[in-house]
Amino acid sequence: MPRWFTPLAIAVAAMFAYAPISIANAPIESTMLLVQKIFYFHVPSWFVMFSGAFLCAGASVRYLTKGSREADHYAITGAELAVVFGLIGLITGPLWGRKAWGVWWEWDVKLTLALVVWLSFVAYLLLRRFGGPGSEKLAAAVGIFGAVNIPFVYYSVNWWRTIHPKTSVVPTLGPGMRGTFWFCTLAFMSLMVLLVALRVRLERHRALVDDLYLELED
Amino acid sequence: MVALGSRWRAVLLWVLLAVGPVPLASVSAQEQPPKRPAQDEFVPIGELPPTEQLPAAPLLIAAYSVAWIVVAGYLFSIARRMGKVEQDLAEVSRRVQQRRS
């Protein structure tokens, strides 16, 4: 593992240990009250989902154009992170919505697009798992398609009528909430860096095992 | 009996049409049962009676639990796969060494 891995892992563990204290001390929002605190994990999990999706798409472009095996390792890592953190976002969102909107789910533009993007990365992983030889290229195209939809997910609240809060919420947070929000976002993004390092290492080892098996067969 | 002129008949008809329905409407309003405010119009969620309100704490706890469980599950999955790959790597490396020597 790289030298920075252990210090960063300790820092991330400390950040996640402190996050609940920071969230508990953050001011209670005046209209949504206590349930608004879901926001401190919900939004950063979507940030990691989007970053994973962009990582997958960027690495997929490199894989398709240069044939880089290392890029393919990053692509599958990005897709997996997009699915894992998208799942957190898709579960925590309805838990907030049940209180704020009175319903668990609404086929609103933002929510539906977010679900479609998440399903694109589920499709990517299914292709990689069951697609057989050569599925890497098809999966790369699916990953790029999924990431292209992300700006539509993010800006849909500004472009169309939707019940979801707008993108202006984060820049207009109150002082007590802003610090906690960016602290949680930093914790999630740092966790993402650790998970990328771990997951890419796993793919490198798998590739090495494949190479050694090929050497045995020759 | 003095016959009303056509002008007075028109005025009387207008008065009857304009004022006549008022007592009828007030009677029908009294007969109807009072409607609950929630059925008439939008009621802000903060003004609901306590029995109608959804507690926020279980939803908040559920949301944070989900985040922790999913991340822990993913870390466990990576560790399990890494263990398996390292086992395979050790095995195949041993076989390659045997073949080379």
Side-chain angles (χ1 to χ4, degrees), chain A residues 16 19-20 23-24 28 30-42 44-45 48 77 80-81 83-102 104 184 188 191 194-195 198-199 201-216 218, chain B residues 32-101:
Chain A
F16 273 92
I23 291 165
I28 291 177
S30 59
T31 52
M32 285 180 282
L33 305 175
L34 193 60
V35 82
Q36 181 269 343
K37 287 177 186 278
I38 290 177
F39 165 87
Y40 298 114
F41 267 38
H42 174 75
S45 68
V48 175
T77 298
E80 230 176 67
L81 289 173
V83 169
V84 169
F85 285 88
L87 181 66
I88 295 174
L90 284 172
I91 296 174
T92 54
L95 287 167
W96 174 82
R98 179 70 183 89
K99 176 75 178 168
W101 302 331
W104 294 104
C184 290
F188 268 79
L191 176 66
L194 288 178
L195 292 173
L198 277 174
R199 190 61 186 79
R201 186 166 183 255
L202 173 63
E203 280 306 305
R204 282 184 191 140
H205 281 206
R206 275 184 177 163
L208 189 59
V209 169
D210 289 346
D211 290 347
L212 288 172
Y213 271 121
L214 283 173
E215 193 182 320
L216 274 178
D218 286 341
Chain B
Q32 284 178 353
K35 285 184 181 173
R36 287 163 55 191
Q39 292 173 334
D40 279 349
E41 57 190 13
F42 170 76
V43 176
I45 203 159
E47 293 174 18
L48 286 173
T51 51
E52 297 284 321
Q53 285 184 12
L54 195 66
L59 295 169
L60 186 64
I61 291 165
Y64 286 108
S65 305
V66 162
W68 284 106
I69 290 166
V70 170
V71 169
Y74 185 56
L75 277 170
F76 176 74
S77 147
I78 291 178
R80 197 176 51 82
R81 286 182 284 174
M82 187 69 92
K84 170 113 180 44
V85 165
E86 292 200 341
Q87 218 174 6
D88 288 351
L89 190 60
E91 169 64 18
V92 75
S93 299
R94 189 184 55 77
R95 285 167 62 184
V96 167
Q97 286 295 332
Q98 276 179 349
R99 190 176 168 179
R100 282 178 186 162
S101 57

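Per chain, numbering begins at 1; letters A, B, ... match sequence-line order. Only a predicted model underlies this, so the values are computations on that prediction, with no experimental measurement involved.
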Just verifying a value: how many Å separate [X] [atom1] and [Y] [atom2], rounded to the nearest 0.5 Å?
X: A/Leu212; Y: B/Arg99; atom1: CG; atom2: CZ; result: 11.5 Å
X: B/Glu86; Y: A/Leu202; atom1: CD; atom2: CG; result: 9.0 Å
X: A/Leu208; Y: B/Asp88; atom1: CG; atom2: CG; result: 11.5 Å
X: B/Leu75; Y: A/Leu198; atom1: CG; atom2: CG; result: 7.0 Å

Self-check item: B/Gln87 atom CD: more than 12 heavy-atom contacts under 6.0 Å
Solution: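 Open.
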Quiz item: Most heavy-atom pairs under 4.5 angstrom with chain B, which of A/Leu216, A/Leu34, A/Val209?
Solution: A/Leu216
Practice problem: Name the member of A/Thr92, A/Leu95, A/Val35 that forms the most heavy-atom pairs with chain B at distances under 4.5 Å. | Solution: A/Leu95
Quiz prompt | Proximity of residues 76-83 of chain B to chain A, residues having a non-hydrogen atom under 4.5 angstrom | solution = B/Ile78, B/Arg81, B/Met82
Exercise. Measure across A/Leu87 and B/Val70 and return the closest heavy-atom pair with its distance rounded to 0.1 Å.
Key: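 Scanning both residues, the minimum pair turns out to be CD2-CG2, 4.2 Å.
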Against chain B, label [X] side chain, backbone, both or neither, depending on which of its atoms sit under 4.5 Å from a heavy atom there.
X: A/Ile23; value: side chain
X: A/Phe16; value: both
X: A/Ile91; value: side chain

Quiz item: Hey, does A/Leu81 have a side-chain heavy atom less than 4.5 Å from the side chain of B/Tyr74?
Solution: yes
Between side-chain atoms of residues 60-68 of chain B and protein atoms elsewhere (two or more places apart, or another chain), which donor-acceptor pairs fall under 3.5 Å?
| residue | atom | partner | partner atom | Å |
| --- | --- | --- | --- | --- |
| B/Tyr64 | OH | A/Lys37 | O | 2.1 |
| B/Ser65 | OG | B/Ile61 | O | 2.6 |

Practice problem: Please answer whether the main-chain N or O of B/Val85 pairs with a side-chain N or O of A/Arg206 as donor and acceptor at a distance below 3.5 Å. | Solution: no
